[in-house]
**Q** 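Below is a structure I'd like to ask you about.
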Amino acid sequence: MSKGTTARLKSGMKAGLLASSLLLLGSTALQAAEGGVADPANWPAARSPAALTDRATERAINRLIKRMTLEQKVGQVIQGDISSVTPADLERYPLGSILAGGNSGPYGDERADAAKWLKLVTEYRAASRKVGAGVPILFGVDAVHGHSNLPGATIFPHNVGLGATHDPELIHRIGKATAAEVAGSGIEWTFAPTLATPQDLRWGRAYEGYSSDPAVIAAYSKAMVEGLQGPLRLGKPLPAAKVAASAKHFLADGGTEAGKDQGDAKLPEAELVRLHAQGYPPAIDAGALTVMASFSSWNGVKNHGNRSLLTDVLKGRMGFTGLIVGDWNGHGQIPGCTTTDCAAAINAGLDLYMAPDSWKGLFDNTVREVRDGTIPMARLDDAVRRVLRVKYKLGLMGAKPVGRGDPAAVGAQAHLDIAREAVAKSLVLLKNEGSVLPIRPGAKVLVTGPGADSMAMQAGGWTITWQGTDTSAADFPKGRTIGRAIVEAVSAAGGKAEIASDVPAKKPDVAVVVFGEQPYAEFQGDVPNLMFHPREGELELMKRLKAQGVPVVAVFLSGRPMFVGPELNLADAFVAAWQPGSQGQGVADVLVAGKDGKPVRDFTGTLSFDWPQDARSPMVEPLWRVGHGLSYAKPAKVGAVNEDPRVELGSALSETTFIRAGKVIDPWRLGLDSTVTMRAVDVAAQEDARQFSWSGKGDFALDGPPVDMQRHLNGGFALRLDWRPDARGSGPVTVSFAGVRLDVSQSLGAVGKPATLRIPLTCFAAHGAKLQAVGSPLRMGADKGFVVSLRNAGIEGVGETYACPPLAN
Ligand code: BGC
Ligand code: BGC
């Protein structure tokens, strides 16, 4: 405890504060109470360009605000999602904005084309013009690596790959192309660029960050904002092929402890500024119309409720005059708030709540809270003003709005060419022993590995769907997988290549093995360490190729540098290809030589993150540092590298798995009432389940240190039990999660039959379960005679909806 803390504590006691409870809070709570308050004087200054608005516009806004009713004003500061707002809803709830989340497609169609999106946007817009004050809605989407929600769009490499190009001019062109495609589908706002500076690669969103180096973020943020929006011109709206950018997620989303998504950045203010704030001043100076608040906290204080950061720093010191949008129900995570009731967020400086499915309740509660003075009218007016300013700048207002909507721009050849160039420039050559690369003209080539022909793996998360796991080649009519692109390039150079899952009878001259991570988004990509886990058979395949004397070129697809010691040693050449997106030709352009013996391009990419030499994170001593990368022009010999992960692979604490194959997983502990006994049994394998028997009314329980599981509520998770009821008991059977107990007697199924029960976490939350601190993720209650065998318990993401069992009494 610092001297200052002790002094403050003492004076607190003298002042008659509840000294004992204060002491009980311990050091983290004290730190939280002190932390999270920024002093604007310590921050870099910036200023939104004067051209973001103009006198005539501000006067028009004044007039509009004067004639708006309270309900119309509140509507302006709330954004709903297309999956839960209909154009007809806008009549009663004149919302200011609509978004299409990662899993939301027009009319429930994830595969909708640009024309269908345009129709949807036009319908909302027309409906909004007809109601209330007639203010058109603002429509936002996550075009985070191209217009990535749309089949047929140009999918650029994820930001981790763009960082490796070290080429702001290219980023500018990508911004321009992305804007043209977003606007082409009638949409005027993208939730990009991500300006995170990821420091711990365990973070599932590391690939959304360009680099761990703040200087790269600063250079790219300006380039991307200018590419998306173009320069702001005084008195003129953005042209039809331009869209609003969102600098996100403010602040330090990439600085959370242990790389936990939506976690806490425990940092002194100077570090916060130095590492995590550098992208914002250039974005604001470049005219970014919007900034998105981060789910995460700074020193225990949620950013959505941090007035010093949102108001004093961002709007004050950084002179930001656009709007601050929240993240997906992020306001609901502020202590004391729920997703439908949160004056604290707007009072802290948030201007537009992202309330995908919570907009209705939020609307009613916000109206009430302005009426009773909890939210000052001046603050509401300021938020409305900022929303309207952005709408004016986008040319949505007035009799002659800027007409966006040119479906032909989506997947235009010029954009595909930029993507191909970006892919080529993002590749980082880490090893090339014996000059195995480039593949020589006339060569016989095997392309193999799980990523050889997988658009899903090369595109990654935030592609068509939120997680990007369930896409197929049909979603990328204008794309090319890496394998197919290599086959084409090899045959163009007079050779022969095939994609196959194993070594063919006729020995190839060289094998390209494309492998790596499966797609993921947000917290679903959080990992306990930097170990890359090859799929079954993958290493063996490389070993077989080696044994037969076939040189191996490894192409590694991943959202982050990972520990790949064994793969590096097996491969003759190793290329980090990140998540390159739809244009696999960019890989072939560098790896395959043409008839003249030269590839289209040499490697120019260099690491924008350190590469680990073992699975530990934070890295102790990297294998290669930021800036490293070989090329044909500058080769270098790489000897054998370390193959020891240096972490206990099995022992990572799990917050989503409670029991696996009958074993209780750390940090959870099992406790039994005296009426319950337990033994190991076999359900599908030897001792793969625990059998619990009740001799009277009682519970078995899993307990552990409180874990924040709120984010799982957002992502649509369910409590999952794999069980087998072995005998019926005398009373009801109940399952409780985070203190809320539901009666599952009707969901038991037949005695002796293994079954799976899924209960959406929303069922527990609906009855007040506090997901901020879940210390008891599972309790099962029953009475005399009940016997159940439990194999697995945990929480998992579910795509479908499951009914809620009734509350137990
Ligand atoms: C993500 C944001 C995204 C938003 C809308 C959130 O969960 O954190 O990056 O813009 O959803 O899809
Ligand atoms: C949405 C995403 C959002 C996420 C929040 C998903 O269902 O589609 O856009 O970011 O939930 O956790």
Side-chain angles (χ1 to χ4, degrees), residues 78-85 97-106 110 117 138-150 158-159 178 182 187-196 198 203-210 224 228 243-256 259-263 265 279 288-297 302-304 323-333 339 345 350 352-359 460-468 520-526 559 710-717 797:
I78 296 179
Q79 179 185 61
D81 184 271
I82 58 168
S83 57
S84 69
V85 187
S97 182
I98 302 283
L99 91 144
N103 278 334
S104 313
E110 280 281 15
W117 280 89
L138 174 64
F139 197 108
V141 74
D142 289 287
V144 296
H145 59 142
H147 197 4
S148 42
N149 257 320
L150 256 74
H158 267 300
N159 290 348
T178 304
V182 173
I187 300 172
E188 64 276 350
W189 184 17
T190 170
F191 303 129
T194 295
L195 301 181
W203 188 32
R205 303 190 81 158
Y207 67 82
E208 295 187 56
Y210 298 117
M224 186 50 99
L228 290 167
V243 301
S246 312
K248 76 181 187 185
H249 309 80
F250 193 80
L251 192 68
D253 47 348
T256 60
K260 186 181 170 184
D261 191 42
Q262 305 187 12
L289 293 175
T290 81
V291 171
M292 187 184 289
S294 177
F295 274 124
S296 56
S297 307
K302 282 278 172 192
N303 287 322
H304 275 68
L323 72 83
I324 304 179
V325 63
D327 203 346
W328 192 273
N329 276 329
H331 55 272
Q333 298 188 9
T339 55
L350 197 86
L352 180 60
Y353 291 91
M354 188 182 284
D357 50 357
S358 48
W359 50 273
W462 293 109
T463 312
I464 314 294
T465 62
W466 181 36
Q467 295 295 321
Y520 50 82
E522 298 191 47
F523 46 89
Q524 302 215 16
D526 284 2
Q710 286 198 93
R711 55 189 196 165
H712 299 296
L713 196 55
N714 241 350
F717 276 72

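Because only heavy atoms are used, hydrogens play no part in the values below, and waters and symmetry mates are left out as well, while side chains stay in. Counting convention: from 1, in listed order, for ligands and their atoms alike.
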**Q** Sequence neighbours left out, what passes side-chain contact (heavy atoms from CB on, under 4.5 Å) with Asp526? Give chain and number order.
**A** Trp203, Lys260, Asp261, Phe523, Arg711
**Q** Ile187 vs Trp117, test: side chain to side chain contact (heavy atoms under 4.5 Å, CB included). Steps then yes/no.
**A** CA-CA 8 Å; Ile187 300 172; Trp117 280 89; 3.8 Å; yes
**Q** Quick check on contacts: which atoms of ligand 1 are under 4.0 angstrom from a heavy atom of Arg205?
**A**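 Taking each heavy atom of Arg205 in turn, ligand 1 has 1 (C), 2 (C), 8 (O), 9 (O) under 4.0 Å.
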**Q** Give the numbers and elements of all ligand 1 atoms closer than 4.0 Å to a heavy atom of Glu522.
**A** 1 (C), 6 (C), 7 (O), 8 (O)
**Q** Does Glu208 have a non-hydrogen atom less than 4.0 Å from ligand 1?
**A**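 No heavy atom of Glu208 comes that close to ligand 1.
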**Q** Only heavy atoms of Phe191, strictly under 4.0 Å: list the atoms of ligand 1 that pass.
**A**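 In order of number, 10 (O).
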**Q** Quick check against the 3.5 Å criterion: does His304 have a side-chain atom that pairs as donor or acceptor with the backbone of Asp327?
**A** yes
**Q** Under 3.5 Å between any N/O of His249 and any N/O of ligand 1: does that happen in this structure?
**A**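 Indeed, backbone or side chain, His249 has an N or O that close.
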**Q** Going by heavy atoms, is Phe295 under 4.0 Å from ligand 1?
**A** yes
**Q** Judging by distance only, is a nitrogen or oxygen of Asp327 under 3.5 angstrom from one on ligand 1?
**A** yes
**Q** Determine whether a donor-acceptor pair (N or O, by modelled atom type, separation under 3.5 Å) exists between the side chain of Ser294 and the backbone of Gln262.
**A** no
**Q** Apply side-chain contact (heavy atoms from CB on, under 4.5 Å) to Ser297 and list each qualifying residue two or more places apart in sequence or on a separate chain.
**A** Asp264, Lys302
**Q** Where does Leu99 meet ligand 1, judged by heavy-atom distances below 4.0 Å: at the side chain, the backbone, both, or neither?
**A**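 Side chain only.
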**Q** State whether the shortest distance between N or O atoms of Lys248 and N or O atoms of ligand 1 falls below 3.5 angstrom.
**A**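 By distance alone, the answer is yes.
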**Q** Taking the ring centre of each residue, are His145 and His158 less than 6.0 Å apart?
**A**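 Between His145 and His158, the centre distance is under 6.0 Å.
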**Q** Test of understanding: given a 4.0 Å heavy-atom threshold, classify the contact between Gln262 and ligand 1 as side chain, backbone, both, or neither.
**A**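 Gln262 to ligand 1: no contact under 4.0 Å from either part.
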**Q** Report yes or no: does Thr190 contribute a side-chain atom to a donor-acceptor pair with the main-chain N or O of Ala143 at less than 3.5 Å?
**A** yes
